[in-house]
Amino acid sequence: MRVPGDKSISHRAVMFGAIADGQTRVQGFLDGADCLATRDAFRGMGVAIFQPEATTLEIDGVGTDGLQPPPAAIDLGNSGTSMRLLAGLLAGQPFDSELVGDDSLMRRPMMRVVEPLRSMGARIDCARDGRAPLRIHGGVRLRGMEYAMPVASAQVKSCVLLAGLYAEGETCVIEPGPSRDHTERMLRGFGCEVRTRGKQVSLRGGSRLSGGEVKVPGDLSSAAFALVGASLLPGSDLLIEGVGVNPTRAGILDILRLMGADISEHDRRDYGDEPVADLRVRSASLRGIDIPPELVPLAIDEFPVILVAAACAEGETRLRGAAELRVKESDRIAVMAEGLDRLGIAARATDDGMLIEGGCPRAGEIHSHGDHRIAMAFAMAGMVADGPVTIHDCANVGTSFPGFVSLMRAHGAQMDEVAEA
Ligand code: S3P
């Protein structure tokens, strides 16, 4: 199996390629709605981006000072990464801009980026409760700063670092714990000096980027569904090729292995600055665990499917320290508890996690609340349930995993797409 390109890395490849000097060629780009929103945002700001095939982009970088004012509000659809990273990049431009999105994105918290940007001197208006639309006033002078982040968030870290490229002096972000480091790795790959010392990441304003080749690994967050599905389905033996295994993302592998999963890594190699491997997964009986809180930020996007694994495991699983799940594309704690309950699994939501008593999911109907990862996670539950599981509101699967159903079917899953009225 090959899964689509990594979403986080695809976003960054477009953004950094757009503001780099010279051309950037991106291979393995995720042709999903979220990354296309990022691509279109830069096209709207005058960057020529060619897409000779779905997964290849050729970007004519305009340099850090070459973006043009966007003709209208920039609509980022469902994509939190686009909005938060762009907020940082746009705060340092000479022109005004406005960022909007779909209903889910317009409900998500943006103060976490607005506050540090304002401390750097940015002028940004948002709705009173800290939500989008974000109106960013250009032409201000940003000052570099040292920012201690209250939550481990790669989006906030990346936003501040991108603003830091346009700020006077040094910008330093201090993380409370590790978050994905794709920004740091790719900026270095683009020739920008980024220093990492323990929990601190810093760069100097005025640094320039030079374009080049980016090869995007397969998305471990997408592979996660197949890792859980193959673990649960007796007799499975699946090789997923070319998956990113960056240690700041690989918490899912540790968590599933603690639950008894049989996952091995083969042919470790690098795509640019990112480690990649082929992952072999064979079915295994899973047991419930107390999920180590330090692994939570390293697996933050995988909890919907990890909780499905827990629902099918023997014994109790306890998740704590995961309050961030409440502000993802949906409130993933509430929505997962509701869905598991519909499949007859005893799941109790807590403020920052969940307690699940493993069992055998029953047939049932699930509402994804428009959340791609909820829909795909419950598709895995459906493969082992005692009858069909119907999942409603699945259009957003295409934000991160275009072709999900056909790929799963090609590897033996019994799954159909049904048009909803
Ligand atoms: C992302 C960071 C994470 C993750 C999101 C992608 C990124 O969000 O959940 O899907 O590409 O930087 P947070 O920064 O809110 O943890």
Side-chain angles (χ1 to χ4, degrees), residues 4-16 29-30 32-35 37-38 76-89 101 104-105 107-117 130-132 147 149-163 173 175-187 201 214 216-217 219-225 244 246 248-252 274 293-306 321-333 352 371-374 376-377 396-397 399-401:
D6 187 278
K7 183 152 76 75
S8 294
I9 296 174
S10 294
H11 280 301
R12 287 157 172 82
V14 176
M15 293 182 189
F16 303 168
F29 174 71
L30 170 61
D34 278 13
C35 297
T38 294
L76 299 165
N78 194 241
S79 179
T81 306
S82 309
M83 185 170 284
R84 297 203 178 111
L85 270 62
L86 268 175
L89 198 152
S104 155
L105 186 53
R107 281 196 303 268
R108 295 182 67 185
M110 292 297 150
M111 272 330 268
R112 53 180 62 196
V113 291
V114 170
E115 264 175 0
L117 291 174
R131 310 286 193 250
Y147 182 59
M149 289 199 301
V151 283
S153 161
Q155 292 179 352
V156 175
K157 171 176 62 177
S158 304
C159 165
V160 173
L161 290 175
L162 281 170
V173 179
E175 301 195 83
S179 67
R180 61 190 70 192
D181 64 358
H182 305 303
T183 293
E184 298 91 303
R185 287 174 190 252
M186 200 185 293
L187 282 175
V201 186
V214 179
V216 181
D219 198 329
L220 181 56
S221 298
S222 296
F225 301 105
N246 178 320
T248 60
R249 290 284 296 282
I252 170 107
E274 293 283 348
E294 66 275 14
L295 292 179
V296 168
L298 311 181
I300 195 66
D301 289 342
E302 287 67 72
F303 281 102
V305 79
I306 290 170
E324 275 294 299
L325 294 179
R326 291 203 177 270
V327 291
K328 295 294 178 186
E329 286 83 329
S330 69
D331 175 343
R332 288 184 174 160
I333 292 178
D352 68 344
D371 185 329
H372 55 137
R373 299 202 202 278
I374 299 283
M376 292 185 277
N396 278 338
V397 165
T399 60
S400 68
F401 202 151

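One-based numbering, in listed order, for ligands and for the atoms of each. Atoms considered below: every heavy atom in the structure, side chains included; atoms not considered: hydrogens, waters and symmetry mates.
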Residues at least two apart in sequence or cross-chain that pass ring-ring contact (aromatic ring centres under 6.0 Å, His included) with F225, listed by chain then number, are none
Applying salt bridge (charged side-chain N to carboxylate O under 4.0 Å, His left out) to K7 and not counting sequence neighbours gives D34
*When you check the side-chain N and O atoms of S8 and R180, is any donor under 3.5 Å from an acceptor?*
yes
Residues with a heavy atom under 4.0 Å from ligand 1, by chain and number, are S8, R12, T81, R84, S153, A154, Q155, R180, I300, D301, K328
**Charged N-O contact under 4.0 Å between K157 and E175** = yes
Across all chains, not counting sequence neighbours, the side chain to side chain donor-acceptor pair (under 3.5 Å) partners of S82 are T38, S79
- So, S153 and R112: side-chain donor and acceptor under 3.5 Å apart, yes or no? no
